[in-house]
Asker: 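Below are the C-alpha coordinates for one structure; questions will follow.
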Amino acid sequence: MEESRIAQPIGIALDRFIKNNQEQFQYASGELSQLLRDIALASKVVNREINKAGLIDIMGAMGSQNSGGENQQKLDVLANIRFTRALSKGGEACALISEETESYVDLNNDGKYVIAIDPLDGSSNIDVNVSIGTIFSIYRRISPVGTPIQPEDILQKGTDQVAAGYILYGSSTMLVYTTGHGVNGFTYESTLGEYFLSHADLRMPPDGKIFSINEGQSLSFAPGVAKYLDYCKQNGFTARYIGSLVADFHRNMLKGGIYIYPATAKDKNGKLRLMYECNALAFIAEQAGGLATDGKNRIMEIKPSTLHQRVPFYVGSRMMVEKAGSFLN
Ligand code: AHM
Ligand code: MG
(Lines give C-alpha, C1' and ligand atoms only; values in the text may rest on other atoms or scores of the structure.)
(Ligands and ions follow the chains in the order given, each with its own letter.)
Protein backbone atom coordinates (compact mmCIF):
# COMPACT_ATOMS: atom_id res chain seq x y z
CA MET A 1 0.00 0.00 0.00
CA GLU A 2 1.31 3.46 -0.87
CA GLU A 3 2.17 5.71 2.01
CA SER A 4 -0.40 8.27 0.89
CA ARG A 5 -3.24 5.78 1.29
CA ILE A 6 -4.91 6.13 4.64
CA ALA A 7 -6.14 2.83 6.03
CA GLN A 8 -9.88 3.12 6.61
CA PRO A 9 -12.00 0.66 8.53
CA ILE A 10 -14.48 -1.46 6.63
CA GLY A 11 -17.95 -0.14 7.33
CA ILE A 12 -17.01 3.54 7.48
CA ALA A 13 -19.66 5.72 5.81
CA LEU A 14 -18.79 7.29 2.45
CA ASP A 15 -19.18 10.85 3.73
CA ARG A 16 -16.72 10.29 6.53
CA PHE A 17 -14.35 8.45 4.22
CA ILE A 18 -14.35 11.36 1.78
CA LYS A 19 -13.73 13.81 4.59
CA ASN A 20 -10.89 11.74 6.07
CA ASN A 21 -9.22 11.50 2.67
CA GLN A 22 -9.63 15.10 1.64
CA GLU A 23 -6.01 15.99 2.33
CA GLN A 24 -4.96 13.53 -0.38
CA PHE A 25 -6.38 15.85 -3.02
CA GLN A 26 -3.95 18.16 -4.66
CA TYR A 27 -6.40 21.04 -4.30
CA ALA A 28 -7.94 20.27 -0.93
CA SER A 29 -10.54 22.99 -0.84
CA GLY A 30 -13.37 20.56 -0.25
CA GLU A 31 -14.97 21.20 -3.63
CA LEU A 32 -13.96 17.86 -5.12
CA SER A 33 -15.26 16.18 -1.97
CA GLN A 34 -18.54 17.97 -2.47
CA LEU A 35 -18.74 16.79 -6.08
CA LEU A 36 -18.25 13.20 -4.98
CA ARG A 37 -21.01 13.65 -2.40
CA ASP A 38 -23.29 15.16 -5.06
CA ILE A 39 -22.68 12.18 -7.34
CA ALA A 40 -23.39 9.79 -4.48
CA LEU A 41 -26.62 11.59 -3.66
CA ALA A 42 -27.83 11.60 -7.27
CA SER A 43 -26.97 7.91 -7.53
CA LYS A 44 -29.27 7.17 -4.58
CA VAL A 45 -32.14 8.87 -6.37
CA VAL A 46 -31.36 7.02 -9.61
CA ASN A 47 -31.06 3.77 -7.67
CA ARG A 48 -34.52 4.32 -6.23
CA GLU A 49 -35.95 4.93 -9.68
CA ILE A 50 -34.24 1.87 -11.12
CA ASN A 51 -35.56 -0.29 -8.30
CA LYS A 52 -39.14 0.69 -8.88
CA ALA A 53 -38.84 0.79 -12.66
CA GLY A 54 -40.89 -2.36 -13.10
CA LEU A 55 -43.71 -1.06 -10.94
CA ILE A 56 -44.50 2.24 -12.56
CA ASP A 57 -44.64 3.34 -16.11
CA ILE A 58 -41.10 4.59 -16.49
CA MET A 59 -39.62 1.74 -18.48
CA GLY A 60 -39.27 1.54 -22.19
CA ALA A 61 -38.13 3.76 -25.00
CA MET A 62 -38.41 7.52 -24.80
CA GLY A 63 -39.04 7.91 -28.52
CA SER A 64 -36.04 10.22 -28.83
CA GLN A 65 -32.38 9.68 -29.66
CA ASN A 66 -29.12 10.59 -27.93
CA SER A 67 -25.98 12.22 -29.34
CA GLY A 68 -24.98 9.01 -31.15
CA GLY A 69 -28.39 8.49 -32.73
CA GLU A 70 -29.24 5.68 -30.29
CA ASN A 71 -32.74 5.32 -28.86
CA GLN A 72 -32.96 6.87 -25.42
CA GLN A 73 -34.65 5.06 -22.58
CA LYS A 74 -36.79 6.88 -20.08
CA LEU A 75 -34.37 5.93 -17.31
CA ASP A 76 -31.41 7.18 -19.38
CA VAL A 77 -33.06 10.55 -19.58
CA LEU A 78 -34.13 10.54 -15.93
CA ALA A 79 -30.63 9.64 -14.77
CA ASN A 80 -29.19 12.41 -16.92
CA ILE A 81 -31.55 14.92 -15.31
CA ARG A 82 -30.74 13.71 -11.78
CA PHE A 83 -26.97 13.87 -12.23
CA THR A 84 -27.06 17.18 -14.10
CA ARG A 85 -29.14 18.76 -11.35
CA ALA A 86 -26.97 17.40 -8.58
CA LEU A 87 -23.76 18.52 -10.25
CA SER A 88 -24.97 21.96 -11.24
CA LYS A 89 -26.50 23.03 -7.94
CA GLY A 90 -23.36 23.26 -5.82
CA GLY A 91 -21.43 25.45 -8.28
CA GLU A 92 -18.25 23.35 -8.16
CA ALA A 93 -18.56 22.27 -11.81
CA CYS A 94 -18.07 24.60 -14.76
CA ALA A 95 -19.06 22.10 -17.46
CA LEU A 96 -20.71 18.74 -17.84
CA ILE A 97 -20.12 16.30 -20.68
CA SER A 98 -22.77 13.61 -20.93
CA GLU A 99 -23.52 10.71 -23.23
CA GLU A 100 -27.06 12.00 -23.37
CA THR A 101 -26.34 15.49 -24.67
CA GLU A 102 -24.81 16.47 -28.00
CA SER A 103 -22.78 19.38 -26.68
CA TYR A 104 -21.34 19.93 -23.22
CA VAL A 105 -23.50 21.75 -20.67
CA ASP A 106 -22.08 25.08 -19.60
CA LEU A 107 -22.51 25.39 -15.83
CA ASN A 108 -20.88 27.86 -13.45
CA ASN A 109 -17.92 29.93 -14.76
CA ASP A 110 -16.66 30.04 -11.17
CA GLY A 111 -16.61 26.26 -10.97
CA LYS A 112 -13.21 24.53 -10.94
CA TYR A 113 -14.19 21.14 -12.28
CA VAL A 114 -15.28 19.55 -15.55
CA ILE A 115 -17.27 16.35 -15.32
CA ALA A 116 -17.78 13.70 -17.96
CA ILE A 117 -20.57 11.24 -17.26
CA ASP A 118 -22.50 8.37 -18.72
CA PRO A 119 -25.54 8.69 -16.45
CA LEU A 120 -26.89 5.22 -17.21
CA ASP A 121 -24.75 2.78 -19.12
CA GLY A 122 -25.96 -0.56 -20.41
CA SER A 123 -29.18 0.75 -21.94
CA SER A 124 -30.14 -2.57 -23.47
CA ASN A 125 -30.31 -4.05 -19.96
CA ILE A 126 -32.59 -1.45 -18.40
CA ASP A 127 -35.85 -3.08 -19.40
CA VAL A 128 -34.84 -6.60 -18.48
CA ASN A 129 -33.78 -6.16 -14.86
CA VAL A 130 -30.08 -6.71 -15.53
CA SER A 131 -27.25 -4.71 -13.92
CA ILE A 132 -26.58 -1.23 -15.26
CA GLY A 133 -24.20 1.51 -14.21
CA THR A 134 -23.18 5.15 -14.04
CA ILE A 135 -19.64 6.13 -15.06
CA PHE A 136 -17.96 9.46 -14.25
CA SER A 137 -14.66 11.30 -14.66
CA ILE A 138 -13.72 14.55 -12.95
CA TYR A 139 -11.13 16.97 -14.36
CA ARG A 140 -9.79 20.24 -13.06
CA ARG A 141 -10.38 23.05 -15.54
CA ILE A 142 -7.35 24.50 -17.29
CA SER A 143 -8.59 28.02 -18.08
CA PRO A 144 -8.77 30.52 -15.20
CA VAL A 145 -11.70 30.21 -12.81
CA GLY A 146 -14.28 32.92 -13.47
CA THR A 147 -13.79 32.96 -17.25
CA PRO A 148 -15.87 31.20 -19.92
CA ILE A 149 -15.11 27.55 -20.46
CA GLN A 150 -12.62 26.74 -23.25
CA PRO A 151 -12.19 23.72 -25.55
CA GLU A 152 -8.99 22.73 -23.71
CA ASP A 153 -11.01 22.41 -20.48
CA ILE A 154 -13.31 19.93 -22.15
CA LEU A 155 -11.02 17.77 -24.26
CA GLN A 156 -8.57 16.62 -21.60
CA LYS A 157 -6.71 13.34 -21.59
CA GLY A 158 -7.53 10.56 -19.13
CA THR A 159 -4.20 11.18 -17.40
CA ASP A 160 -5.62 14.57 -16.33
CA GLN A 161 -8.47 13.02 -14.34
CA VAL A 162 -8.46 14.00 -10.67
CA ALA A 163 -11.12 11.46 -9.78
CA ALA A 164 -13.20 8.83 -11.50
CA GLY A 165 -15.70 6.22 -10.53
CA TYR A 166 -18.77 4.23 -11.26
CA ILE A 167 -21.98 3.17 -9.62
CA LEU A 168 -23.09 -0.39 -10.24
CA TYR A 169 -26.81 -0.98 -9.86
CA GLY A 170 -26.51 -4.72 -9.43
CA SER A 171 -27.57 -7.36 -6.96
CA SER A 172 -26.44 -4.69 -4.55
CA THR A 173 -25.67 -1.09 -5.46
CA MET A 174 -22.04 -0.08 -5.22
CA LEU A 175 -20.07 3.10 -5.69
CA VAL A 176 -16.43 2.55 -6.62
CA TYR A 177 -14.05 5.47 -7.06
CA THR A 178 -10.48 6.64 -7.12
CA THR A 179 -8.80 9.98 -6.62
CA GLY A 180 -5.48 8.55 -7.73
CA HIS A 181 -4.67 6.95 -4.38
CA GLY A 182 -6.01 3.47 -4.93
CA VAL A 183 -9.56 2.29 -5.45
CA ASN A 184 -12.26 1.89 -2.84
CA GLY A 185 -15.72 0.36 -3.14
CA PHE A 186 -18.79 1.25 -1.09
CA THR A 187 -21.98 -0.77 -0.82
CA TYR A 188 -25.32 0.99 -0.50
CA GLU A 189 -27.46 0.21 2.53
CA SER A 190 -30.87 1.30 1.32
CA THR A 191 -32.67 1.30 4.66
CA LEU A 192 -30.06 3.72 6.04
CA GLY A 193 -29.69 5.56 2.74
CA GLU A 194 -25.90 5.49 2.98
CA TYR A 195 -22.90 3.96 1.25
CA PHE A 196 -20.44 2.07 3.49
CA LEU A 197 -16.89 1.02 2.70
CA SER A 198 -17.05 -2.67 1.77
CA HIS A 199 -14.07 -3.08 -0.59
CA ALA A 200 -11.05 -1.21 0.74
CA ASP A 201 -8.01 -0.66 -1.49
CA LEU A 202 -9.28 -2.87 -4.31
CA ARG A 203 -6.61 -4.69 -6.28
CA MET A 204 -7.21 -6.37 -9.61
CA PRO A 205 -5.58 -9.81 -9.96
CA PRO A 206 -2.60 -9.38 -12.33
CA ASP A 207 -3.82 -12.31 -14.41
CA GLY A 208 -7.15 -14.07 -14.80
CA LYS A 209 -9.25 -16.49 -16.79
CA ILE A 210 -12.39 -14.56 -17.69
CA PHE A 211 -12.85 -12.95 -21.10
CA SER A 212 -15.76 -10.63 -21.81
CA ILE A 213 -16.57 -9.73 -25.40
CA ASN A 214 -19.61 -9.75 -27.66
CA GLU A 215 -18.65 -12.81 -29.71
CA GLY A 216 -21.75 -12.43 -31.84
CA GLN A 217 -19.71 -9.94 -33.81
CA SER A 218 -16.65 -12.15 -34.15
CA LEU A 219 -16.90 -12.38 -37.94
CA SER A 220 -16.05 -8.70 -38.13
CA PHE A 221 -13.18 -8.74 -35.63
CA ALA A 222 -9.59 -8.16 -36.78
CA PRO A 223 -7.63 -11.45 -37.14
CA GLY A 224 -5.59 -10.65 -34.01
CA VAL A 225 -8.72 -10.42 -31.86
CA ALA A 226 -10.02 -13.71 -33.24
CA LYS A 227 -6.63 -15.33 -32.52
CA TYR A 228 -6.65 -14.03 -28.96
CA LEU A 229 -10.12 -15.51 -28.44
CA ASP A 230 -8.82 -18.86 -29.76
CA TYR A 231 -5.99 -18.57 -27.25
CA CYS A 232 -8.51 -17.95 -24.44
CA LYS A 233 -10.48 -21.03 -25.42
CA GLN A 234 -7.41 -23.22 -25.87
CA ASN A 235 -6.36 -22.28 -22.35
CA GLY A 236 -9.66 -23.09 -20.73
CA PHE A 237 -10.75 -19.53 -20.02
CA THR A 238 -14.35 -18.71 -19.15
CA ALA A 239 -16.56 -16.43 -21.25
CA ARG A 240 -18.70 -13.98 -19.27
CA TYR A 241 -20.49 -11.09 -20.98
CA ILE A 242 -23.34 -9.13 -19.50
CA GLY A 243 -23.34 -6.31 -22.04
CA SER A 244 -23.20 -3.80 -19.20
CA LEU A 245 -19.72 -2.37 -19.17
CA VAL A 246 -19.69 -1.46 -15.47
CA ALA A 247 -20.91 -4.90 -14.41
CA ASP A 248 -18.49 -6.74 -16.70
CA PHE A 249 -15.62 -4.53 -15.57
CA HIS A 250 -16.47 -4.85 -11.88
CA ARG A 251 -16.62 -8.65 -12.00
CA ASN A 252 -13.34 -8.83 -13.88
CA MET A 253 -11.67 -6.43 -11.43
CA LEU A 254 -12.66 -8.64 -8.51
CA LYS A 255 -12.01 -12.00 -10.13
CA GLY A 256 -9.35 -11.34 -12.77
CA GLY A 257 -10.35 -10.98 -16.38
CA ILE A 258 -10.37 -8.91 -19.54
CA TYR A 259 -13.16 -6.90 -21.14
CA ILE A 260 -12.79 -6.19 -24.84
CA TYR A 261 -14.86 -4.01 -27.16
CA PRO A 262 -12.73 -4.07 -30.30
CA ALA A 263 -13.13 -2.29 -33.59
CA THR A 264 -15.75 -4.08 -35.67
CA ALA A 265 -16.99 -3.77 -39.23
CA LYS A 266 -19.93 -1.74 -37.88
CA ASP A 267 -17.99 0.35 -35.36
CA LYS A 268 -14.60 1.05 -36.88
CA ASN A 269 -13.36 2.69 -33.67
CA GLY A 270 -15.19 0.33 -31.37
CA LYS A 271 -18.41 1.31 -29.69
CA LEU A 272 -17.38 2.76 -26.37
CA ARG A 273 -16.75 6.43 -25.69
CA LEU A 274 -13.35 7.62 -24.60
CA MET A 275 -14.45 10.54 -22.47
CA TYR A 276 -17.20 9.12 -20.29
CA GLU A 277 -16.88 5.35 -20.52
CA CYS A 278 -13.27 4.31 -21.12
CA ASN A 279 -11.17 6.92 -19.31
CA ALA A 280 -12.85 6.47 -15.94
CA LEU A 281 -12.55 2.70 -16.04
CA ALA A 282 -8.98 2.97 -17.30
CA PHE A 283 -8.08 5.17 -14.32
CA ILE A 284 -9.70 2.75 -11.90
CA ALA A 285 -8.11 -0.28 -13.60
CA GLU A 286 -4.64 1.25 -13.39
CA GLN A 287 -5.15 2.33 -9.80
CA ALA A 288 -6.11 -1.25 -8.98
CA GLY A 289 -3.02 -2.63 -10.76
CA GLY A 290 -4.74 -3.40 -14.08
CA LEU A 291 -4.35 -1.95 -17.55
CA ALA A 292 -6.46 -0.30 -20.25
CA THR A 293 -5.47 0.12 -23.89
CA ASP A 294 -7.03 0.53 -27.31
CA GLY A 295 -5.15 -2.65 -28.21
CA LYS A 296 -1.93 -0.74 -28.57
CA ASN A 297 -1.89 2.60 -26.77
CA ARG A 298 -2.66 3.41 -23.16
CA ILE A 299 -6.26 4.69 -23.09
CA MET A 300 -5.51 7.53 -20.69
CA GLU A 301 -2.87 9.00 -23.02
CA ILE A 302 -5.22 9.38 -25.99
CA LYS A 303 -5.96 13.04 -26.61
CA PRO A 304 -9.67 13.36 -27.37
CA SER A 305 -10.56 15.37 -30.43
CA THR A 306 -14.33 15.26 -30.00
CA LEU A 307 -16.70 14.88 -27.06
CA HIS A 308 -18.26 11.61 -28.13
CA GLN A 309 -15.15 10.01 -29.60
CA ARG A 310 -15.18 6.21 -29.67
CA VAL A 311 -12.21 3.99 -29.07
CA PRO A 312 -11.49 0.23 -29.08
CA PHE A 313 -11.27 -0.83 -25.44
CA TYR A 314 -9.18 -3.55 -23.79
CA VAL A 315 -9.33 -3.36 -20.01
CA GLY A 316 -8.72 -5.62 -17.07
CA SER A 317 -5.99 -7.72 -15.54
CA ARG A 318 -2.63 -6.39 -16.63
CA MET A 319 -1.17 -9.60 -18.04
CA MET A 320 -4.34 -10.39 -19.98
CA VAL A 321 -4.49 -6.96 -21.59
CA GLU A 322 -0.81 -7.24 -22.50
CA LYS A 323 -1.36 -10.70 -23.93
CA ALA A 324 -4.33 -9.56 -26.01
CA GLY A 325 -2.23 -6.65 -27.30
CA SER A 326 0.54 -9.04 -28.35
CA PHE A 327 -1.90 -10.78 -30.71
CA LEU A 328 -2.84 -7.48 -32.32
CA ASN A 329 0.56 -6.02 -33.03
P1 AHM B 1 -24.75 2.31 -24.02
O2 AHM B 1 -23.93 3.46 -23.57
O3 AHM B 1 -25.67 2.65 -25.15
O4 AHM B 1 -25.45 1.64 -22.90
O5 AHM B 1 -23.72 1.26 -24.68
C6 AHM B 1 -22.63 0.83 -23.93
C7 AHM B 1 -22.81 -0.62 -23.63
C8 AHM B 1 -21.83 -1.16 -22.62
O9 AHM B 1 -22.32 -1.08 -21.32
C10 AHM B 1 -21.71 -2.58 -23.04
O11 AHM B 1 -20.53 -3.17 -22.59
C12 AHM B 1 -21.79 -2.50 -24.51
O13 AHM B 1 -22.53 -1.35 -24.81
C14 AHM B 1 -22.51 -3.66 -25.10
O15 AHM B 1 -22.57 -3.52 -26.48
P16 AHM B 1 -23.04 -4.72 -27.40
O17 AHM B 1 -24.50 -4.88 -27.18
O18 AHM B 1 -22.71 -4.25 -28.79
O19 AHM B 1 -22.25 -5.93 -27.01
MG1 MG C 1 -22.90 4.18 -22.26
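Reckoned from all heavy atoms, side chains included, excluding hydrogens, waters and symmetry mates. Throughout, numbering of the chain's residues begins at 1 and tracks the sequence. Numbering of ligands and ligand atoms starts at 1, following listing order. Keep in mind that this is a model prediction, so the values were computed, not measured.
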Asker: Where does Ser244 meet ligand 1, judged by heavy-atom distances below 4.0 Å: at the side chain, the backbone, both, or neither?
Answerer: backbone
Asker: Please confirm whether the ring centroid of Tyr228 lies under 6.0 Å from the ring centroid of Phe327.
Answerer: yes
Asker: What are the atoms of ligand 1, with element, lying closer than 4.0 Å to any heavy atom of Asn214?
Answerer: 16 (P), 18 (O), 19 (O)
Asker: Could you measure the distance from the CD atom of Gln156 to the OG atom of Ser137? Nearest 0.5 Å is fine.
Answerer: 10.5 Å
Asker: Could you tell me whether Tyr166 and Phe249 have their ring centroids closer than 6.0 angstrom?
Answerer: yes
Asker: Indicate, as side chain, backbone, both or neither, the part of Asp118 found under 4.0 angstrom from ligand 1 when only non-hydrogen atoms are considered.
Answerer: side chain
Asker: Show, in sequence, the C-alpha distance, side-chain angles and deciding distance for Leu274 and Arg310, and conclude whether the side-chain contact (heavy atoms from CB on, under 4.5 Å) test is met.
Answerer: CA-CA 6 Å; Leu274 175 60; Arg310 297 176 197 265; over 6 Å; no
Asker: Of all the atoms in ligand 1, which lie at a distance below 4.0 Å from a heavy atom belonging to Gln217?
Answerer: 18 (O)
Asker: Salt bridge (Lys or Arg N to Asp or Glu O under 4.0 Å) between Glu49 and Arg82: does it pass, once the steps are laid out?
Answerer: CA-CA 10 Å; Glu49 279 160 359; Arg82 298 294 182 227; 2.5 Å; yes
Asker: For the hydrophobic clusters of this structure (ILVMFWY residues joined by side-chain heavy atoms under 4.5 Å, transitively), does one cluster hold both Tyr188 and Ile39?
Answerer: yes
Asker: For Asp121, what is the atom name of its N, O or S atom nearest to the Mg ion (ligand 2)?
Answerer: OD1
Asker: Return yes or no for this condition: an N or O of Leu272 is under 3.5 Å from an N or O of ligand 1.
Answerer: no
Asker: Hey, does Tyr169 have a side-chain heavy atom less than 4.5 Å from the side chain of Val246?
Answerer: no
Asker: Glu277 heavy atoms, cut-off 4.0 Å: which ligand 1 atoms fall inside?
Answerer: 2 (O), 6 (C)
Asker: So, of the N/O/S atoms that Asp118 has, which is the nearest one to the Mg ion (ligand 2)?
Answerer: OD2
Asker: Counting heavy atoms only, which of Asp76, Asp248, Asp121 comes nearest to atom 2 (O) of ligand 1?
Answerer: Asp121
Asker: Using a 4.5 Å cut-off on heavy atoms from C-beta on, say whether the side chain of Ile299 contacts that of Asn279.
Answerer: yes
Asker: With the Mg ion (ligand 2) as the reference point, give the N/O/S atom of Glu99 that is nearest.
Answerer: OE1
Asker: Check step by step if side-chain hydrogen bond (donor to acceptor under 3.5 Å, both in side chains) holds for Asp38 and Gln34.
Answerer: CA-CA 6 Å; Asp38 291 342; Gln34 189 53 46; 2.9 Å; yes
Asker: Between Leu245 and ligand 1, which residue portion shows a heavy-atom distance shorter than 4.0 Å: side chain, backbone, both, or neither?
Answerer: both
Asker: Within a distance under 4.0 Å of any heavy atom of Tyr261, pick out the atoms of ligand 1 and give their elements.
Answerer: 15 (O), 16 (P), 18 (O), 19 (O)
Asker: May I ask you to check whether Lys271 has an N/O atom sitting below 3.5 Å from an N/O atom of ligand 1?
Answerer: yes
Asker: Taking non-hydrogen atoms only, is Arg273 closer than 4.0 angstrom to ligand 1 via side chain, backbone, both or neither?
Answerer: neither
Asker: By atom name, which N, O or S atom of Glu277 is the nearest to the Mg ion (ligand 2)?
Answerer: OE2
Asker: Please give me the minimum heavy-atom distance between Cys94 and Gly111, naming the atom from each residue.
Answerer: CB-O, 3.4 Å
Asker: With atoms numbered from 1 as shown, which atoms in ligand 1 lie under 4.0 angstrom from a non-hydrogen atom of Tyr241?
Answerer: 11 (O), 12 (C), 14 (C), 15 (O), 16 (P), 19 (O)
Asker: What atoms of ligand 1 come closer than 4.0 angstrom to any heavy atom of Gly122?
Answerer: 4 (O), 9 (O)
Asker: Out of curiosity, does Leu291 fall in the hydrophobic cluster containing Leu328 (side-chain heavy atoms, cut-off under 4.5 Å, transitive links)?
Answerer: yes
